[in-house]
Amino acid sequence: MLESLKKIFSGNEEEMPINTGSKPDISREKSAELYAKSKTYFPGGVNSPVRAFKSVYGTPLFIQKGDGCYIWDADGNQFIDFCASWGPLILGHNNAKIREKVIEVMQNGMSFGAPTALENELAELIIKNNKYVEKIRFTSSGTEAVMSAIRLARGYTGKDKIIKFEGCYHGHSDSLLVKAGSGLVTFGETSSAGVPKSFAAETIVISLNDKNAISEAFEQFKDQVAAVIIEGIPANNGLLMQDQEYIEFLRQACTENNALLIFDEVITGFRVGIEGAAAHYGIKPDIVTYGKIIGGGLPVGMYGASAEIMSRISPDGGVYQAGTLSGNPVAMAAGIATLTELLRSGFYKDLNAKTQEFTDSIQRFATARNYKFKVFTVGSIFWFAFTDKDIKTAEDIDPTSMEKFKVMHRELLNRGIYLGPSGYEVGFVSAAHTKIELEKAKRAIFDALDLVFRKV
């Protein structure tokens, strides 16, 4: 036992023997029964498309409970979870401090559709610790926050067109469900049925990491662009790290053309630090949107800006936005408990350091084996890509590489490791992941990689 533990913590990943045997598939009997039934209630049997497991093997797993860094499905299978409800569970599942705060507040009711002191308390925590916003507005989701930010940008500038980037996802509002057409600078083409072409025509879609495309877009649509929106660090279609110089160029272009720069930080906000990607780059966006972590796992979103820009929001200004559940007391309580923990000294230093050690070990293993595999990471976010290239745009991703991820996902499930069911999705490390669990996960990933590169 002592010798095996020494090997686990030795860091000599390259000395491990190549794994040549798959493990038996986990039981999905109960999940399969639940999925069959759910398909009679919901389109595709799910309430959000990626949950349908269409990009990986098997039927979706129906999750029964979570605690710390673990989740259990309906069949009793236990997994070390790196999906973390797609990011917000930075403290892990069922965190005691969040749970206790939520229960305390719920004793007094769960929704009023009226102001509560909890909104002030959470807003103060955010604004006092984030120099990039002076006033904020809570919403019930990240999608709603982004939709409202776009409307605010149009109302503030008096212009209609929006520039977005191929590979960046900003929720499912109509004007943002668009993809690039052919050519350097194009009007967006609808990427969903039900989105009118006239809506998409107000959105210009260009590639990331292309200064010429930005310059040409502003020249071609001179005095028509209200805002440029970009994920703070694009993390919905792989983890597409952008150069500092490029983001600075984007900021300058917006300023010179009297357009607003919007950072969509629904994923990166409070993940890469309290001030998110804005602080990571040291660049001030005009409007920032947040979600996920603010509610500690409960539905919530937020957008913020300078007091001047936010003064255009109703009832102070003419840009209308409302929501019965905005500032919901239960979500506010969860957010207060979460941010209080995130603000503790050394929280991000410790979390980011263990994420870096985890991802570095995996990269060393793959490099030593000469596997065409690369780990991209920032803060406590990581992404596995079957490539040896630096990926900065959606076009850089080889879609055929997703076959390798498909095999990897299955092998990891069979070894008790849960990743999001798509090779385009990022993973997350939480404060609840200890060194022991991360070492177990690394060994499972090593085995899975050996099998992937033997099979595919």
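The chain is numbered in sequence order, starting from 1.
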Any salt bridge linking [X] with [Y]? Criterion: basic side-chain nitrogen under 4.0 Å from a carboxylate oxygen.
X: Lys292; Y: Glu265; answer: no
X: Arg369; Y: Asp450; answer: yes
X: Arg344; Y: Glu341; answer: yes
X: Glu33; Y: Lys37; answer: no
X: Arg28; Y: Asp73; answer: no
X: Asp25; Y: Arg410; answer: yes
X: Asp223; Y: Lys161; answer: no

Is it true that, when you exclude [X] itself, more than 12 heavy atoms of the residues, nucleotides or ligands shown sit nearer than 6.0 Å to its [atom1]?
X: Lys23; atom1: NZ; value: no
X: Glu29; atom1: CD; value: no
X: Lys372; atom1: NZ; value: no

### Message
Within 45 degrees of the ring normal and closer than 6.0 Å to the centroid, is that where the cationic atom of Lys211 sits relative to Phe249?
### Response
yes

### Aromatic Phe62 / basic Lys30 pairing, under 6.0 angstrom, 45° off normal
no

For [X] and [Y], which heavy atoms make the closest approach, and how far apart are they?
X: Ile63; Y: Ile71; value: CD1-CD1, 3.8 Å
X: His409; Y: Pro421; value: NE2-CA, 3.7 Å
X: Ala153; Y: Ala226; value: O-CB, 4.0 Å
X: His280; Y: Val378; value: CE1-CG2, 3.9 Å
X: Glu395; Y: Ser207; value: OE2-OG, 2.7 Å

How long is the gap from [atom1] on [X] to [atom2] on [Y], to the nearest 0.5 Å?
X: Met241; Y: Thr377; atom1: CE; atom2: OG1; value: 8.0 Å
X: Lys389; Y: Asp398; atom1: NZ; atom2: CG; value: 8.0 Å
X: Ile445; Y: Phe384; atom1: CD1; atom2: CZ; value: 4.0 Å
X: Asn414; Y: Phe79; atom1: CG; atom2: CZ; value: 8.5 Å
X: Glu437; Y: Ile417; atom1: CD; atom2: CD1; value: 9.5 Å
X: Glu357; Y: Ile362; atom1: CD; atom2: CD1; value: 9.0 Å

### Task
Give the C-alpha distance, both sets of side-chain angles, the deciding distance and a yes or no for side-chain contact (heavy atoms from CB on, under 4.5 Å) between Gln242 and Ile233.
CA-CA 7 Å; Gln242 301 300 296; Ile233 298 170; over 6 Å; no

[X] side-chain N/O to [Y] backbone N/O, donor-acceptor pair under 3.5 Å:
X: Ser55; Y: Ser422; result: no
X: Asp396; Y: Lys392; result: yes
X: Arg154; Y: Asp160; result: yes
X: Thr40; Y: Ala36; result: no
X: Tyr246; Y: Asn209; result: yes
X: Arg151; Y: Gln321; result: no
X: Trp72; Y: Asp67; result: no
X: Lys164; Y: Cys168; result: yes
X: Thr367; Y: Arg364; result: no
X: Glu144; Y: Ser140; result: yes

### Message
For Phe373 and Phe386, take the angle between the two ring planes, folded into 0 to 90°, and tell me which bin it lands in: parallel under 30, tilted 30 to 60, perpendicular over 60.
### Response
perpendicular

Test item: [X] and [Y] side chains (from C-beta on) under 4.5 Å apart, heavy atoms:
X: Leu451; Y: Val407; result: no
X: Ile294; Y: Thr338; result: no
X: Phe405; Y: Leu419; result: yes
X: Gln356; Y: Thr359; result: yes
X: Leu61; Y: Phe53; result: yes
X: Phe138; Y: Ile126; result: yes
X: Tyr303; Y: Leu152; result: yes
X: Ile230; Y: Asp264; result: no

### Criterion ring-ring contact (aromatic ring centres under 6.0 Å, His included) on Phe358 and His433, from CA distance to verdict
CA-CA 11 Å; Phe358 174 66; His433 286 94; 7.8 Å; no

### Message
Test side-chain hydrogen bond (donor to acceptor under 3.5 Å, both in side chains) on Arg271 and Ser380; report intermediate values, then the result.
### Response
CA-CA 7 Å; Arg271 256 291 167 186; Ser380 55; 2.6 Å; yes

### Task
Any chance you could lay out the side-chain contact (heavy atoms from CB on, under 4.5 Å) test for Tyr281 and Asp243, step after step, and finish with the verdict?
CA-CA 9 Å; Tyr281 291 119; Asp243 295 333; over 6 Å; no

### Task
Check the pair Lys374 / Thr387 against side-chain hydrogen bond (donor to acceptor under 3.5 Å, both in side chains), numbers first and verdict last.
CA-CA 6 Å; Lys374 195 165 184 176; Thr387 184; over 6 Å; no

### Message
For Phe82, run the side chain to side chain contact (heavy atoms under 4.5 Å, CB included) check against Phe428, Phe382, Tyr418 and tell me which one passes.
### Response
Phe382

### Task
Kindly say whether the aromatic ring centers of Tyr290 and Phe270 come within a distance under 6.0 Å.
yes

### Query
Under the side-chain contact (heavy atoms from CB on, under 4.5 Å) criterion, do Ile90 and Phe347 qualify, and how do the steps go?
CA-CA 11 Å; Ile90 194 168; Phe347 177 86; 4.0 Å; yes

#### Entry: Residue pair Gln252, Glu248: steps toward the side-chain hydrogen bond (donor to acceptor under 3.5 Å, both in side chains) verdict
CA-CA 6 Å; Gln252 182 181 355; Glu248 289 176 356; over 6 Å; no

### Message
Pair Thr393, Glu166 - check side-chain hydrogen bond (donor to acceptor under 3.5 Å, both in side chains), show working.
### Response
CA-CA 8 Å; Thr393 73; Glu166 186 74 0; over 6 Å; no

### Task
Give the intermediate values and the outcome of side-chain contact (heavy atoms from CB on, under 4.5 Å) for residues Leu208 and Glu231.
CA-CA 11 Å; Leu208 284 162; Glu231 288 183 68; over 6 Å; no

